[in-house]
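The figures here come from the full heavy-atom set of this structure, side chains too, leaving out hydrogens, waters and symmetry mates. Reminder, nothing fancy here: chain letters follow the sequence lines and each chain counts from 1.
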Amino acid sequence: MLDVRAIREQPKKIKERLRARGDNYDEIVDRIVALDERRRQILVEVEDLKHRRNVVSKQVGMMLKEGKDAVALREEMRSVGEQINRLDTELRQVEEGLEQAMLLLPNLPHGSVPIGEDEKDNVVVRTWKEPKDFDFEPKPHWELGERLGVIDFSRGAKLSGSRFYGLRGFGAALERALINFMLNLHTRNHGYTEVFFPFLVKPHCPLGTGQLPKFGGEMYYCERDDLWLIPTAEVSVTNLHRDEILNADDLPLKYVSYSACFRREAGAAGKDIKGVIRVHQFNKVELVKITEAEKSYEELEGMVQDASRVAELLGLPHRITLLCTGDLGFASAKTYDIEVWMPGEKRWREVSSCSNCEDFQARRMNLRYRPQQGAKPRYAHTLNGSGLAVGRTLAAVLENYQQPDGSIVIPEVLRPYLDGMEKFPIT
RNA sequence: GGAGGGAUGGCCGAGCGGUCCAAGGCGACGGCCUGCUAAGCCGUGGCGGGAUUGAAGUCUCGCCCCCGGGUUCGAAUCCCGGUCCCUCCGCCA
């Protein structure tokens, strides 16, 4: 959520900055300005009436105690009470409308974000290890996975439909090894605290992180219990401290969490239909930081480092891209993607997206910190990033480590998690 | 799923229609006092609006006793709806 005061004072500037995202929010901004104006008008009026009622009511109490008659005053206050009721009702409606409009505005892109339309305008910041040449034709992971009997697409679909898959044997073990490797790296070497919270959350959580109200169609929803399945652990973990005032000395909070992620992929019909790239349920290790306002960009760089370190240690060629304004997520002010090279597909695939949401989510969830003892609370900054998406990383390992005979060499860092296995199948 | 109990300031805890701008205690912070420490004394909540100022600030009003409605001249207190927590029973990995 943006600052209403900023919108009130500089609506033109806000409109302009939002336009960089490629959509026009002028109408919503205008609506906000009008409703905010009306809201403050009503406040002045109704607060004045309430003041009178308070004063007179006290007087009535005293008169009654002294045995005097207060019928005239009570009569007058009854009509004042009715006016207050009327204004309060209107105020509620105005505030409701204002809130709803505010929730529809995305975050403002940071000044360092390149202006652009879509992914073609993203900027490659750096590349780690150029894609290596194969002296044979590398296969895509779905072929490798099926041939080796470690990814089971057809039975995934049998149970749950399209865009669901299963793992067997070495595949399942590799998935588990990747999760443990990532969690250990981030907790032991990067200073994150591991947490594990429910996959089902109440509506205020996705509202706080920005998936709702606009993107409800992308999530699974359990109507009977009014619970949403998280599309990423960002939703549960960022909300951990909602409605709290944190101590600046305790910041930054750095969390890492494994979770399953659930996405309806409603608008993706026919896209990425092969393999494990775009599915309804996948595993992810997520990084979340809650920081002081001044430090969030520094922390964003650190988070990208922490996430890309996973790809490095796995020996996966990858590159970091800075998303342009048109490709930025709803809640984000600045985002870096990490993309690994898929030799079988001969293209880069996103395995992480690291975003600084500044105070956008913090406002929605009323997450604050006190800069110094006695100082006024400020909204915290929140960051999130994958560290990494596990299913896609597994696919990348299969594709990058495939041998001419179709076997897979296991990256060294994963061997301790797989009983020292060096190759699959063991020949 | 059934029955019952509860939610008050950082914490404990009183309050049952009008001196509640919430008693009292504990803690934290600031100040006074003081060889030092302790004790003692004084002060210190959040959100929003308005006025004033170049700004920090100051003044002022409203709201906040879980949340939302209602009754009343007046609600922490009464009524209705909801959320969460606890206890017992049932079911259960």
message: Regarding Arg8(A), tell me which of base, sugar-phosphate or nothing describes its non-hydrogen contacts under 4.0 Å with the strands shown.
response: sugar-phosphate
Can you name the atoms? Protein N/O to nucleotides 8-12 of chain B N/O, anything below 3.5 Å, with the distance.
none

message: Please enumerate all residues that pass salt bridge (charged side-chain N to carboxylate O under 4.0 Å, His left out) together with Lys295(A), with sequence neighbours excluded.
response: Glu292(A)
Side chains of residues 202-213 of chain A: which donor-acceptor pairs under 3.5 Å do they make with residues two or more places apart or in other chains?
residue	atom	partner	partner atom	Å
Thr209(A)	OG1	Cys205(A)	O	3.1
Thr209(A)	OG1	Gln211(A)	OE1	2.6

message: In this structure, which stretches of RNA chain B are paired as stems of three or more consecutive Watson-Crick or G-U pairs, both distances less than 3.5 Å?
response: B:1-7 with B:83-89, B:10-12 with B:24-26, B:28-32 with B:40-44, B:45-52 with B:57-64, B:66-70 with B:78-82
- request: Under 4.0 Å from any atom of RNA chain B, heavy atoms only: list the residues of residues 40-50 of chain A that qualify, in numerical order.
  value: Arg40(A), Leu43(A), Val44(A), Glu47(A), Lys50(A)
- request: Any ring pair (Phe, Tyr, Trp, His ring centres under 6.0 Å) involving residues 41-68 of chain A? Give me the pairs, sequence neighbours left out, ordered by first then second residue.
  value: none
- prompt: So which of residues 74-100 of chain A are in contact with RNA chain B, with a heavy-atom cut-off of under 4.0 Å?
  reply: Arg74(A), Met77(A), Arg78(A), Arg92(A)
- request: Compare the minimum distances between each of G46(B), G18(B), G49(B) and the side chain of Arg39(A), then state the nucleotide with the smallest one.
  value: G49(B)
Qualifying salt bridge (Lys or Arg N to Asp or Glu O under 4.0 Å) pairs, either residue in residues 163-185 of chain A, two or more places apart: Asp152(A)-Arg168(A)
All side-chain hydrogen bond (donor to acceptor under 3.5 Å, both in side chains) counterparts of Arg19(A), not counting sequence neighbours: Asp26(A)
Please write out the pairs of protein N or O atoms and N or O atoms of nucleotides 55-60 of chain B separated by less than 3.5 Å, giving the distance to one decimal.
none

Show me, pair by pair, the donor-acceptor contacts under 3.5 angstrom made by side chains of residues 320-330 of chain A, not counting sequence neighbours?
residue	atom	partner	partner atom	Å
Thr325(A)	OG1	Ala20(A)	O	2.8
Thr325(A)	OG1	Gly116(A)	N	3.0
Thr325(A)	OG1	Gly116(A)	O	3.2
Asp327(A)	OD2	Asn122(A)	ND2	3.0

Under the salt bridge (charged side-chain N to carboxylate O under 4.0 Å, His left out) test, residues paired with Glu96(A) that sit two or more places apart: none
- prompt: Hey, does the side chain of His51(A) come within less than 4.0 Å of C61(B)'s phosphate (OP1/OP2), counting only N and O?
  reply: no
- prompt: Between G74(B) and Arg52(A), is there an OP1 or OP2 to side-chain N/O distance shorter than 4.0 Å?
  reply: no
